[in-house]
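The block underneath contains the structure these notes are about, expressed in structure tokens.
Residue numbers start from 1 in every chain, and the chains themselves are labelled A, B, ... in the order their sequence lines are given, proteins ahead of strands. Just so we're clear, the structure is a prediction, and the values are computed from it rather than from any experiment.
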Amino acid sequence: MNIILKDGSTRTLNQGATGLDLATAISKSLLKDALVMRVDGALLDLTHPLHDGAQVEIITRSHPAALDVIRHDVAHLLAEAAKELYGDDLQITIGPAIDNGFYYDFARKTPFTPEDLEKLEKRMAEIVDRDEPITREVWDRDNAVAFFKSIGEHYKAEIINDLPAGEPISLYRQGNFIDLCRGPHAPSTKKVGKAFKLLKLAGAYWRGDSKNAMLQRVYGTAWADDTQLKDYLFKLEEAEKRDHRKLGKEMDLFHMQEEAAGSVFWHPKGWTIYQTLKKYMRQKLEKAEYVEVNTPELVDRKLWEASGHWEKFGQNMFTVQAEEGRTLAIKPMNCPCHVQIFKQGSKSYRDLPLRMGEFGSCHRNEPSGAMHGLMRVRRFVQDDAHIFCTEDQITSETKSFCSLLLGIYKDFGFNDVIVKFSDRPEVRAGTDAVWDKAEESLKKAVGEAGLAYTLNPGEGAFYGPKLEFVLRDAIGRDWQCGTLQVDFVLPERLDASYIAEDGQKHRPVMLHRAIFGSIERFIGVLIEHYAGRFPLWLAPVQTVITTVTGDADAYAQQVFEKLKNAGIRTEMDLRNEKISYKIREHSLAKVPYIIVLGKQEAENGTVVLRMLGRQDQLTLSLGEGIDRLQKEAQSPGHE
RNA sequence: GCCGCCGUGGCUCAGUGGUAGAGCACACCCUUGGUAAGGGUGAGGUCGAGGGUUCGAUUCUCUCCGGCGGCACCA
């Protein structure tokens, strides 16, 4: 029979030949590196028989498609090792490949310990050395269920029972270990290699449902070779160094404490960043013709009942008992209040689109386990705004919002932005007809804005579909920050209207939108993105003036006053310490410019600018120095 | 909220069934030194909170609170 290879050439093989036979026929080195193969577009085991006319690509370990196979293989190594070590007390469940690695969920009464991870890892390496052949078998469904039940693997039996009828039940065997699995897998455990590492233990619900039993999940990473593994582990270390919780403490930006779990105590330096960002955003919004408002934080539950929040999200709202049994809720979002402002006086179509922004303080009672530094808090401020517009204006408003957002992200060096489109969730307000309309308008608008998007089914807000804007930071991690949500429901529920050209009352559409998302979270992202080394315009302390000896103190005082008057955020360090000591300290504090002054500078009226992390320095006249700093300290897009 | 781990001076961490240590930071003194740690002395902790076991608990145990890693959640 004839096999067509990737380069278009053909090979003639005997009837019934497998991928292994093909690889053997091509070259020894290919056979050595081959893991699986792609036949007519589908990944298969190399042991799978080929058919005449098949298009075949052998996937070697360096192939991009190999990583998932390797990770899946390693998950099986882990399961085999776990069965061998803890078999009496342990059931296997599922173990897929994920980004950068894999996990395996086990049901076991005894909790795993970190020492268990070491033991498991060792055993996995032994299994690789054993070079156990990995073979595929197709079983009859009932036999498979009975088999897994007989060996005490009830989770596996349940999975098989739930597989759609007609789906072949394939089992993979390696050594004494047998697992239900779709495959494909490498031909033997030796081929999987040892570029893996077990990383952490965690709990995870069976089938991802919090009503189900809690399983023990073991996470690991796996790669094609040791270099890739090392690179990844290095990257993890890098990410840890950038952790905003660690840097926030080191740089004295903010702190949290248990008396206010989930809320931030902003220190002067952190608050400077916060205010700078807010000021920057205000400028941008003003230019984009938004108006800014401010609304109450305590609002009667009646309004939340009317808006639908009480029913859908009441559990996450903090409430306060006011006099006479009146219940107030601390606002979890600003939209109902904005509708109240919109409703004051009568609105004409001429008033639309009305873009209403607020840096409103919101509280949400997040579950205790959800909190995470600045990234997930109970009290935060959004750069929130609601655009009241007509249906016809959805497209143009979405387009201009997208361009505003992309421009702003660019100012922070976020040039990679992914857009996700989330459509109707199961729990929702509004009729299907309204949802059809909302989803359709939003899709059209994104298309016209020229943005590609991926679909995020069922993830929309309860009142409407949404766009989520995900940015990629300096070390390649994704953060969801911006959002735009189309809402036909809230104006209806809260009875907002405007008078259209026909003289009749019409419902406006609301677009809920944010660019930073929560300012708290955005600062967290920025700290990690910049690794604490903020650009000058954001740096809480822009320069520190420090002297070589006390002789220059008087001159330093002059420079300090001038810089302050020029609006530069400056600190002075006249301590009786060696200059290298002071430079080290301020460098570690990530101050962008250290200004070193000594006798020479005092005599010549100059300043020496030392940029963070650089050895070379700039000697300028005081005037030039101030000009330079002032220019660089302006926020992007400043006029 | 769920599973596991953790909670010791301002910070990072060690340690023990007989009420505690290190480094850095801090204070004072000496040192006036030109680009990433000069030296000395000193002060500082009811060992997360509350019960229990014990002659005695920071240490063992339970409950609670908070943090960390995930899961679930995320308007």
Side-chain angles (χ1 to χ4, degrees), chain A residues 103 105 108 110-114 116 199-219 243 245-246 249-250 252 255-262 304 307-317 331-336 362 364-373 375-378 382 425 427-429 459-464 466 468 480 483 485 487 489-490 512 517-518 521 546-553 575-589 594-601 608-610 612-617:
Chain A
Y103 65 78
D105 285 348
R108 183 183 179 220
T110 324
F112 284 117
T113 64
D116 291 335
L199 293 178
K200 54 196 174 195
L201 294 163
Y205 295 110
W206 166 238
R207 299 201 149 162
D209 189 333
S210 58
K211 288 190 213 72
N212 289 341
M214 179 65 70
L215 305 172
Q216 296 191 62
R217 176 171 297 180
V218 179
Y219 279 96
D243 191 315
R245 293 163 300 186
K246 182 171 161 273
K249 195 181 273 178
E250 281 173 16
D252 194 19
H255 85 272
M256 321 262 262
Q257 63 185 51
E258 62 178 274
E259 287 81 356
W304 303 109
S307 69
H309 288 92
W310 191 266
E311 186 201 346
K312 297 283 190 308
F313 299 103
Q315 287 204 328
N316 294 303
M317 289 164 65
K331 69 175 171 188
M333 49 201 316
N334 305 303
C335 30
C362 296
R364 296 178 187 176
N365 194 358
E366 301 288 356
S368 58
M371 260 109 64
H372 182 91
M375 302 304 188
R376 188 87 176 267
V377 288
R378 286 188 172 145
Q382 292 170 301
V427 182
R428 59 177 180 263
E459 294 294 316
F462 79 88
Y463 48 70
K466 63 183 180 187
E468 288 176 334
Q480 199 246 299
T483 179
Q485 310 170 1
D487 183 359
V489 174
L490 211 53
H512 306 239
S518 116
R521 181 180 153 82
T546 188
T547 48
V548 180
T549 69
D551 295 339
D553 286 2
R575 287 175 305 167
N576 175 18
E577 293 290 351
K578 286 206 163 169
I579 189 63
S580 49
Y581 178 89
K582 294 194 275 191
I583 284 175
R584 176 182 151 84
E585 198 163 274
H586 299 122
S587 297
L588 289 174
I594 300 171
I595 299 180
V596 181
L597 302 177
K599 249 188 211 159
Q600 269 181 33
E601 289 71 31
V608 173
L609 299 184
R610 188 188 201 278
L612 178 58
R614 292 182 59 163
Q615 303 291 316
D616 57 324
Q617 45 199 319

Self-check item: Under 4.0 angstrom between A:R108 side-chain N/O and B:G4 OP1 or OP2
Solution: no
Quiz item: Is the shortest distance from a Lys or Arg side-chain nitrogen in A:D209 or A:R207 to a carboxylate oxygen in the other one below 4.0 Å?
Solution: no
Quiz item: Which listed nucleotide (B:A36, B:A75, B:G38) is nearest to the side chain of A:E577?
Solution: B:G38
Quiz prompt | For A:E601, side-chain hydrogen bond (donor to acceptor under 3.5 Å, both in side chains) partners two or more places apart | solution = none
Any protein N or O atoms within reach of nucleotides 22-25 of chain B? Criterion: under 3.5 Å, listing atom names and distances.
| from | atom 1 | to | atom 2 | distance (Å) |
| --- | --- | --- | --- | --- |
| B:A25 | OP1 | A:Y581 | OH | 3.1 |

Quiz item: Between A:M371 and A:R614, which is nearer to the 5' end of RNA chain B once each is assigned its nearest nucleotide?
Solution: A:R614
Practice problem: Sticking with atom P, work out how far B:A43 lies from B:A20, rounded to a whole angstrom. | Solution: 16 Å
Exercise. Please state the P separation for the pair B:G7 and B:G15 - nearest whole angstrom.
Key: 10 Å
Self-check item: A:Q615, nearest nucleotide to its side chain (from B:G33, B:C3, B:A36)
Solution: B:A36
Quiz prompt | Residue A:Y219, side-chain atoms from C-beta onward, closest of B:G70, B:G34, B:U32 | solution = B:G70
Quiz prompt | Integer-rounded Å distance: B:C73 C1' and A:K211 NZ | solution = 12 Å
Quiz item: B:A49 and B:C65: how far apart are their P atoms, nearest whole angstrom?
Solution: 15 Å
Quiz prompt | Whole-angstrom distance between B:U53 and B:C62, as gauged at atom C1' | solution = 11 Å
Quiz prompt | Of the listed nucleotides B:G66, B:G33, B:C71, the one nearest the side chain of A:M214 | solution = B:C71
Quiz item: Is a donor-acceptor contact shorter than 3.5 angstrom present between the side chain of A:E366 and the base of B:G1?
Solution: no
Quiz prompt | Ring geometry between A:H309 and A:F462 (parallel below 30°, tilted from 30 to 60°, perpendicular above 60°) | solution = perpendicular
Exercise. Assign A:H372 to base, sugar-phosphate, or nothing according to its heavy-atom contacts below 4.0 angstrom with the strands shown.
Key: sugar-phosphate
Practice problem: Check whether more than 12 heavy atoms from other residues, nucleotides or ligands sit under 6.0 Å from atom CD of A:Q315, and answer yes or no. | Solution: no
Quiz item: A:Y463 or A:R610: which one's nearest nucleotide on RNA chain B is closer to the 5' end?
Solution: A:R610
Quiz item: Using atom C1' of each nucleotide, how far apart are B:U61 and B:G44 to the nearest Å?
Solution: 32 Å
Quiz prompt | d(CZ, A:F112; C1', B:C5) in whole Å | solution = 15 Å
Practice problem: Rounded to whole angstrom, note down the C1' distance from B:C30 over to B:A36. | Solution: 24 Å
Quiz prompt | Watson-Crick and G-U pairing of RNA chain B, under 3.5 Å, as dot-bracket with | and [ ] | solution = (((((((..((((....[..)))).(((((.......))))).....(((((..]....))))))))))))....
Quiz prompt | Check: A:Y205 side chain, B:G70 base, donor-acceptor under 3.5 Å | solution = no
Quiz item: To the side chain of A:P367, which of B:G1, B:G33, B:G38 is closest?
Solution: B:G1
Exercise. Identify whether any heavy atom of A:N316 sits under 4.0 Å from a base atom; if not, whether one sits that close to sugar-phosphate; answer base, sugar-phosphate or nothing.
Key: base
Self-check item: Between B:C3 and B:C60 - C1' atom distance, rounded Å
Solution: 23 Å
Quiz item: If you take atom types as modelled and just measure distance, does the side chain of A:R376 reach the base of B:C73 with a donor-acceptor pair under 3.5 Å?
Solution: yes
